[in-house]
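Each remark here refers to the structure printed beneath this line.
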Protein chains: 2
Amino acid sequence: MAARYERIAAELRDDIVGGVHPVGSQLPSEADLAARYSAARGTVRQAVAVLAAEGLVGSRQGARRIVLGGERSQSFAELHSFAQWARSNGYRVGGQVIAQRRRPARGAEAGRLGSDTVLDVLRLRTLEGEPVLVERTVYADWIAAAVEAVPADCESITQALYDTAGVVFAYGEHLLDAVAAGTRDAALLGVRRGSPLLRQRRITTTHEGRPVEWSDDRYRAGSVAFSVRNSIGANPLIRQAGDLRFGA
Amino acid sequence: MAARYERIAAELRDDIVGGVHPVGSQLPSEADLAARYSAARGTVRQAVAVLAAEGLVGSRQGARRIVLGGERSQSFAELHSFAQWARSNGYRVGGQVIAQRRRPARGAEAGRLGSDTVLDVLRLRTLEGEPVLVERTVYADWIAAAVEAVPADCESITQALYDTAGVVFAYGEHLLDAVAAGTRDAALLGVRRGSPLLRQRRITTTHEGRPVEWSDDRYRAGSVAFSVRNSIGANPLIRQAGDLRFGA
DNA sequence: CAGTGGTCTAGACCACGTC
DNA sequence: ACGTGGTCTAGACCACTGC
């Protein structure tokens with residue numbers, strides 16, 4: 001059973017998407033919503049906090065909440081998994097392991113992954129049959145066996161690891177920039193050497209903060225873009241840039 | 001005066017960064033924290049929710065919270081403003097308007113910005129004296145006069161617009177990808193034509209959802225990377241990728 | 001089983017916007 | 001002045017973890 005505030009959030013979301021609360025209009029007051037749903041104001045606040053974090057509604061102290069957008073931005077939702085992202089957008093996705101081997105951890109890898117031997121995997125991913133992504137992933141040794149058990153042409157490694165080993169990718173840190181294609185990248189992706197690639201480097205951990213993988217993913221330019229929505233109110237990270245905590 | 005929960009969050013954050021609560025250790029229970037700070041449990045929960053959203057701590061029902069990371073990831077905090085990001089990282093930043101003119105809105109601009117004439121600005125931004133960013137920004141006409149009043153070499157337009165017009169950039173939607181440098185980009189940034197650039201396209205609105213600007217920013221490769229931290233629990237957008245639950 | 005976080009209630013006061 | 005959202009309190013019950 002979903003929590004009360006989740007059901008209220010879902011109803012409000014449906015009302016927004018369905019046009020009951022058009023973009024630009026005011027949401028009913030928290031007191032009104034509490035009365036309508038026979039819930040305490042705190043519960044209603046939890047519900048609208050969900051919508052605010054999604055960027056659907058804005059808020060200012062003293063004024064009614066305002067509906068900001070109708071469409072859902074799912075884009076960063078699938079940040080962890082290329083396959084899950086592609087599927088939820090209706091694309092045909094493929095993958096193939098090019099090379100895979102165990103080796104001792106090098107340089108910062110031991111510290112990052114907390115293991116002294118690692119599993120190194122090079123994968124080529126396709127979208128609608130076109131190669132778009134070269135993945136260089138390094139797995140911690142506690143998960144290596146499970147990764148090796150995954151078929152070479154598996155679509156979603158994330159999904160496979162969840163199914164076979166119960167591993168949930170819970171936290172991620174991502175670094176996005178642009179690089180020029182090297183010889184190997186160029187050959188795999190079918191582009192000229194030096195052409196632009198979007199690089200996503202990430203480290204992923206479980207709930208407990210146990211590192212699972214460290215990956216360097218390179219996307220052919222034009223194939224994929226990352227989208228982010230942020231807001232002063234919804235994302236606590238933003239707050240600090242705005243005003244106070246600077247020189248401290 | 002900052003809110004109680006913000007001060008508690010700040011103290012806990014300092015304790016984590018300062019090593020009082022090392023990475024991997026358990027945070028004190030909510031009841032303990034409530035007693036220590038003489039606050040209600042709800043207030044403590046607000047505080048730790050801030051830290052969870054920052055990716056500093058994780059949580060699982062029934063178990064103590066766990067410290068996930070020590071360093072602060074402010075990077076996306078300053079996503080809205082190049083100057084604010086650069087300053088908070090201790091960089092010298094500069095800027096120069098290359099071209100600026102009013103013109104009729106083209107194509108999708110009218111719909112995106114909600115105005116039929118726009119102010120088109122081309123800016124070159126520098127970091128430590130090196131050109132790193134070409135900004136092509138289109139402002140809605142209601143803000144155009146305020147933008148034109150900003151000096152051509154102003155460091156932070158965001159700050160200037162807040163100071164002179166009281167405009168707060170509250171919401172943003174961002175699209176990140178890689179492109180090849182065109183002739184103009186290459187000349188301005190001092191790179192070869194065709195070399196990789198990190199492109200950030202964004203639309204920014206006020207609290208009320210009123211569009212302020214639409215911008216196409218291109219960073220020289222190697223000069224800047226965007227960093228994101230996300231988690232199943234802290235970022236509701238992520239949730240949909242993983243599996244079950246909704247709110248938070 | 002006891003402890004912990006997740007949810008919910010029913011109040012309260014305050015800061016801010018709007019009129 | 002009044003309504004609104006922002007904050008805070010002091011309880012309660014439940015689901016889950018860990019022993």
Side-chain angles (χ1 to χ4, degrees), chain A residues 1-10 12 25-53 56-68 166 168 170 206-209 231-234 236 239 242-243, chain B residues 1-10 12 25-53 56-68 166 168 170 206-210 231-234 236 239 244-248:
Chain A
M1 183 52 146
R4 192 74 198 288
Y5 77 88
E6 289 177 320
R7 280 176 290 152
I8 295 175
L12 285 173
S25 70
Q26 294 185 336
L27 222 55
S29 73
E30 294 177 358
D32 287 350
L33 292 173
R36 173 184 314 175
Y37 294 111
S38 306
R41 191 180 151 220
T43 307
V44 169
R45 279 181 64 78
Q46 263 187 294
V48 294
V50 171
L51 302 182
L56 279 180
V57 303
S59 70
R60 295 140 61 210
Q61 190 174 49
R64 281 276 185 88
R65 284 173 202 278
I66 290 188
V67 178
L68 291 175
V168 177
T206 64
H207 272 127
E208 301 82 12
S231 62
I232 289 184
R239 179 78 57 77
D243 15 25
Chain B
M1 187 47 151
R4 190 93 160 81
Y5 76 89
E6 288 179 322
R7 279 176 291 152
I8 295 175
L12 286 173
S25 69
Q26 294 185 336
L27 223 55
S29 74
E30 294 177 356
D32 286 350
L33 293 173
R36 174 183 314 176
Y37 294 110
S38 305
R41 192 182 150 217
T43 307
V44 169
R45 279 180 64 76
Q46 262 187 294
V48 294
V50 171
L51 301 183
L56 280 181
V57 303
S59 72
R60 295 139 63 208
Q61 190 175 49
R64 282 276 184 89
R65 286 173 202 277
I66 290 187
V67 178
L68 292 174
V168 176
T206 64
H207 272 126
E208 300 83 10
R210 191 179 194 189
S231 62
I232 290 184
R239 189 68 67 64
L244 37 157
R245 318 154 33 106
F246 234 85

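A note on names: the letters A, B, ... follow the listed sequences, proteins ahead of strands, and every chain is numbered from 1. Worth saying up front: this structure is predicted, and the values here are computed from it rather than measured.
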(message) If I take atom CD in residue A/Glu6 and atom P in nucleotide C/dT7, what distance separates them, rounded to the nearest angstrom?
(response) 7 Å
(message) Using whole Å, what does the distance between atom P of nucleotide C/dT7 and atom CD1 of A/Ile8 come to?
(response) 13 Å
(request) Could you work out which one of D/dG6, D/dG18, C/dT9 sits closest to the side chain of B/Ala63? (result) D/dG18
(message) Output the rounded distance in Å from OH (B/Tyr37) to C1' (D/dT9).
(response) 19 Å
(message) For the backbone of B/Tyr37 and the side chain of B/Arg4, can you confirm whether one donor and one acceptor N or O come within less than 3.5 Å of each other?
(response) yes
(request) Provide, to the nearest angstrom, the distance between the CZ atom belonging to B/Arg7 and the P atom belonging to D/dT7. (result) 12 Å
(message) Please find the pair of heavy atoms, one from A/Leu27 and one from A/Arg64, that lie closest to each other, and give the distance.
(response) O-CD, 3.2 Å
(request) Ignoring backbone atoms, test whether B/Arg4 places a side-chain nitrogen or oxygen under 4.0 Å from the OP1 or OP2 oxygen of D/dT7. (result) no
(request) Would you mind reading off the distance between A/Gln26 atom CD and D/dG3 atom C1', rounded to a whole angstrom? (result) 11 Å
(request) Please report, rounded to the nearest Å, how far the P atom of D/dG5 is from the CG atom of A/Leu27. (result) 8 Å
(request) Measure from the side-chain heavy atoms of A/Gln46 and tell me the nearest of C/dC8, D/dG5, D/dT7. (result) C/dC8
(request) Whole angstrom is fine here: how far is it from CZ in B/Arg65 over to C1' in D/dC16? (result) 14 Å
(request) For D/dT7, take OP1 and OP2 only and decide whether either is under 4.0 Å from a side-chain N or O of B/Tyr5. (result) yes
At a cut-off of 3.5 Å, list every protein nitrogen or oxygen paired with a nitrogen or oxygen from nucleotides 12-15 of chain C, distance to 0.1 Å.
residue : atom : partner : partner atom : Å
C/dA12  : N6   : A/Arg41 : NH1          : 3.1

(request) Please report the shortest heavy-atom distance between B/Leu12 and B/Leu33, naming the atom on each side. (result) CD2-CD2, 4.0 Å
(request) Indicate the atoms forming the closest heavy-atom contact of A/Ile8 with A/Ala47, along with that distance. (result) CG2-CB, 3.7 Å
(request) Work out which heavy atom in A/Tyr5 is nearest to a heavy atom in A/Thr43; give both atom names and the distance. (result) CB-O, 3.6 Å
(message) Students often get this wrong, so: under 4.0 angstrom with heavy atoms, is A/Arg45 touching a base, only sugar-phosphate, or nothing?
(response) base
(request) Of all the heavy-atom pairs spanning B/Ala9 and B/Leu51, show the shortest one and how long it is. (result) O-CD2, 3.8 Å
(message) Output the rounded distance in Å from CZ (B/Arg64) to C1' (D/dG18).
(response) 12 Å
(request) State whether A/Thr43 places a side-chain N or O below 4.0 Å from either non-bridging phosphate oxygen (OP1 or OP2) of C/dT7. (result) no
(message) Going by the rule side chain to side chain donor-acceptor pair (under 3.5 Å), which residues pair with B/Gln46 if we only count those two or more places apart in sequence or in a different chain?
(response) none
(message) Please pick, from D/dT9, C/dG5, D/dG5, the nucleotide with the shortest atom-to-atom distance to any side-chain atom of B/Glu30.
(response) C/dG5
